[in-house]
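As structure tokens, the structure follows; a few thoughts come after it.
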Amino acid sequence: MKTLIFAAIAVLLLAPISLQAKQEKQKAVLVTGASSGIGLKVTEYLIKNGFYVYAGARKDADLKRLDAMKNTSSVRLDVTKQSEIDAAVKFVAKQGRGLFGIVNNAGVGVFSRMSEMADKDILWIHDVNVMGPHRVNKAFIPMLIESKGRTSIIGSISGYVTGAFSGAYSMSKFAVEAYTESLAADLAESGVHVGIVDPGGFKSKIREKLTLFRLTGSYELNQQLTDEQNVELQKAKEGNDKLKEPDEVAEAVMHLMMSDKPKMRYMVSPNKGGADITMKMLLTRLIQLNSDQPYEYTRDEIVALLDELLKADELLKTE
Ligand SMILES: NC(=O)c1ccc[n+]([C@@H]2O[C@H](COP(=O)([O-])OP(=O)(O)OC[C@H]3O[C@@H](n4cnc5c(N)ncnc54)[C@H](OP(=O)(O)O)[C@@H]3O)[C@@H](O)[C@H]2O)c1
């Protein structure tokens with residue numbers, strides 16, 4: 001009897017310690033916009049790779065669905081609402097795992113000509129896509145510094161390539177490229193890594209929402225539509241169904257979160273065409289910027305500089 005009582009007391013005393021040990025070992029990552037598409041895929045990959053996930057979502061049904069996943073706690077998180085970000089910081093701190101990483105994934109877009117684009121829509125895109133990551137990172141930076149952790153953004157190849165209808169979305173994705181570089185420089189001494197994953201087109205809910213917005217001015221998925229609008233929406237869904245699942249995007253995020261040598265930028269194009277356009281655009285910009293100015297580089301100087309930079313990048317990977 002005595003032995004049994006001792007054993008029971010030992011189990012009770014050790015339980016919190018082993019829970020604490022498990023919590024210390026398991027790195028926690030916050031994912032914003034985890035309800036669908038890339039955010040949901042990244043959440044699944046993080047769980048598969050042994051992380052604990054704080055999955056940000058906005059709707060009750062999504063929060064419930066995410067909570068039911070193992071090693072996941074859902075967090076109500078609209079990245080435009082400072083009060084929800086503050087509550088998320090308190091919640092995560094209270095769980096006692098610290099925070100190793102953030103995946104700033106939540107994003108929106110509106111496709112329209114810049115000349116016809118409403119100011120309020122441009123501001124909304126920026127509020128979610130640019131100010132969102134800024135607010136979330138700023139609030140959690142003390143926890144990231146403590147863990148010497150990592151923060152990331154899901155940018156886009158639209159952060160390099162743009163066109164007539166993607167101006168406002170591209171503006172936000174160009175902005176987070178600059179934001180990433182600046183934050184990385186800010187935090188260089190702190191041991192916190194900052195990176196950005198730039199996908200091309202992958203399967204998600206974003207095209208359905210963009211089409212709905214164009215047709216009705218609202219992002220809501222379950223709207224009453226006319227027959228004509230339903231045909232348009234169906235076309236968008238069929239286009240989306242032809243795209244790849246965003247596994248490659250999630251794999252890049254895993255590299256950023258897990259590698260000893262995480263990169264600052266990850267281009268994840270689903271096909272060679274997307275990568276080709278992006279490279280061509282970047283080099284076109286270099287040529288445009290360089291030409292007809294007093295300090296213009298010659299072709300040979302550009303090639304020499306390119307060689308030097310490629311060598312430095314190789315060194316970074318191997319040292
Ligand atoms: N899929 C692609 O081809 C592609 C390519 C390049 C970049 N991206 C980027 O990838 C990210 C994810 O997009 P996705 O394609 O996976 O689209 P998605 O399926 O529509 O997912 C977007 C996510 O963002 C959330 N969200 C929207 N506004 C929010 C806010 N104010 N606060 C918090 N969460 C918010 C959505 O939540 P609700 O469900 O509550 O609306 C949803 O979870 C975006 O940053 C997008 O720009 C996507």
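Positions are given from 1, in the same order as the sequence printed here.
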How would you list, by chain and number, every residue that makes a ring-ring contact (aromatic ring centres under 6.0 Å, His included) with Phe213, sequence neighbours excluded? Trp124, Tyr219
Could you list the residues that satisfy ring-ring contact (aromatic ring centres under 6.0 Å, His included) with His126, not counting sequence neighbours? none
For Glu228, enumerate each residue passing the side chain to side chain contact (heavy atoms under 4.5 Å, CB included) test, keeping only those at least two apart in sequence or located in another chain. Thr226
Given Asp78, which partner from the list Lys59, Arg58, Arg135 fulfils the salt bridge (charged side-chain N to carboxylate O under 4.0 Å, His left out) test? Arg58
Checking Ser158 now: which residues fulfil side-chain hydrogen bond (donor to acceptor under 3.5 Å, both in side chains) with it, not counting sequence neighbours? Ser156
Mind listing the side-chain donor-acceptor pairs of residues 38-51 below 3.5 Å, one per line with the distance, residues two or more places apart or on another chain?
unit_1, atom_1, unit_2, atom_2, d
Thr43, OG1, Gly39, O, 2.8
Tyr45, OH, Asp247, OD2, 2.7
Asn49, ND2, Tyr45, O, 2.8

Do the charged groups of Asp60 and Arg76 touch, with an N to O distance under 4.0 Å? yes
Backbone N/O of Ala188 and side chain of His193: donor-acceptor pair under 3.5 Å: no
Any donor-acceptor pair under 3.5 Å linking the side chain of Ser166 with the backbone of Thr162? no
I'd like to know if the side chain of Asp198 reaches the main chain of Arg265, judged simply by a donor and an acceptor atom lying under 3.5 Å from each other, with no hydrogens or angles considered. no
Is a side-chain N or O of Ser182 found less than 3.5 angstrom from the main chain of Tyr179, in a donor-acceptor match? no
Using 0.5 Å steps for rounding, measure from the OG atom of Ser172 to the CD1 atom of Ile125. 6.5 Å
Is the Tyr295-Tyr297 ring centre distance short of 6.0 angstrom? no
Side-chain ion pair, Lys209 and Glu220, N-O less than 4.0 Å: no
So, Arg150 side chain and Gly101 main chain: donor-acceptor pair closer than 3.5 Å or not? no
Here the salt bridge (Lys or Arg N to Asp or Glu O under 4.0 Å) pairs for residues 299-317, sequence neighbours left out, are Asp313-Lys317, Glu314-Lys317
Partner residues of Thr180 under the side chain to side chain contact (heavy atoms under 4.5 Å, CB included) criterion, sequence neighbours left out: Ile153, Val194, Ile196, Met264
State the CE-CD1 distance between Met281 and Ile157, to the nearest 0.5 angstrom. 12.0 Å
Donor-acceptor pair, side chain of Lys203 and main chain of Asn240, under 3.5 angstrom: no
Would you say CD of Gln293 has more than 12 non-hydrogen atoms from neighbouring residues, nucleotides or ligands within 6.0 angstrom? yes
Please name all residues satisfying side chain to side chain contact (heavy atoms under 4.5 Å, CB included) with Ala304, sequence neighbours left out, ordered by chain then number. none
Looking at Asp241, I'd like to know if its CG atom is crowded, meaning that more than 12 non-hydrogen atoms belonging to other residues, nucleotides or ligands lie closer than 6.0 Å. yes
With side chains defined as the heavy atoms from C-beta onward, is the minimum distance between Val29 and Ile102 less than 4.5 Å? no
For Glu296 and Asn290, the nearest pair of non-hydrogen atoms, with its separation, is CG-O, 3.3 Å
Determine, stepwise, if the pair Gln26 / Asn71 fulfils side-chain contact (heavy atoms from CB on, under 4.5 Å). CA-CA 10 Å; Gln26 196 174 30; Asn71 285 322; 3.3 Å; yes
Test of understanding: with ring-ring contact (aromatic ring centres under 6.0 Å, His included), list the residues that count as partners of Tyr266, not counting sequence neighbours. His255
With sequence neighbours excluded, give me every ring-ring contact (aromatic ring centres under 6.0 Å, His included) pair touching residues 56-80. none
Sequence neighbours excluded, every pair satisfying salt bridge (Lys or Arg N to Asp or Glu O under 4.0 Å) that has a member inside residues 273-290: Lys272-Asp276
Atom CG of Leu215 and atom CD of Gln229: how far apart are they, to the nearest 0.5 Å? 5.0 Å
OG1 of Thr72 to CZ of Arg65: how many Å apart, nearest 0.5 Å? 11.5 Å
Can you tell me if Tyr160 and Ser170 form a side-chain donor-acceptor pair at under 3.5 Å? no
Side-chain ion pair, Lys173 and Glu177, N-O less than 4.0 Å: no
More than 12 non-hydrogen atoms from neighbouring residues, nucleotides or ligands closer than 6.0 Å to CE on Met279, yes or no? no
If you count the non-hydrogen atoms of other residues, nucleotides and ligands that lie under 6.0 Å from NZ in Lys70, is the total more than 12? no
Test side-chain contact (heavy atoms from CB on, under 4.5 Å) on Asn104 and Val31 and set out the steps. CA-CA 6 Å; Asn104 286 289; Val31 181; over 6 Å; no
Residues in side chain to side chain contact (heavy atoms under 4.5 Å, CB included) contact with Ala118, at least two apart in sequence or another chain: Lys120, Asp121
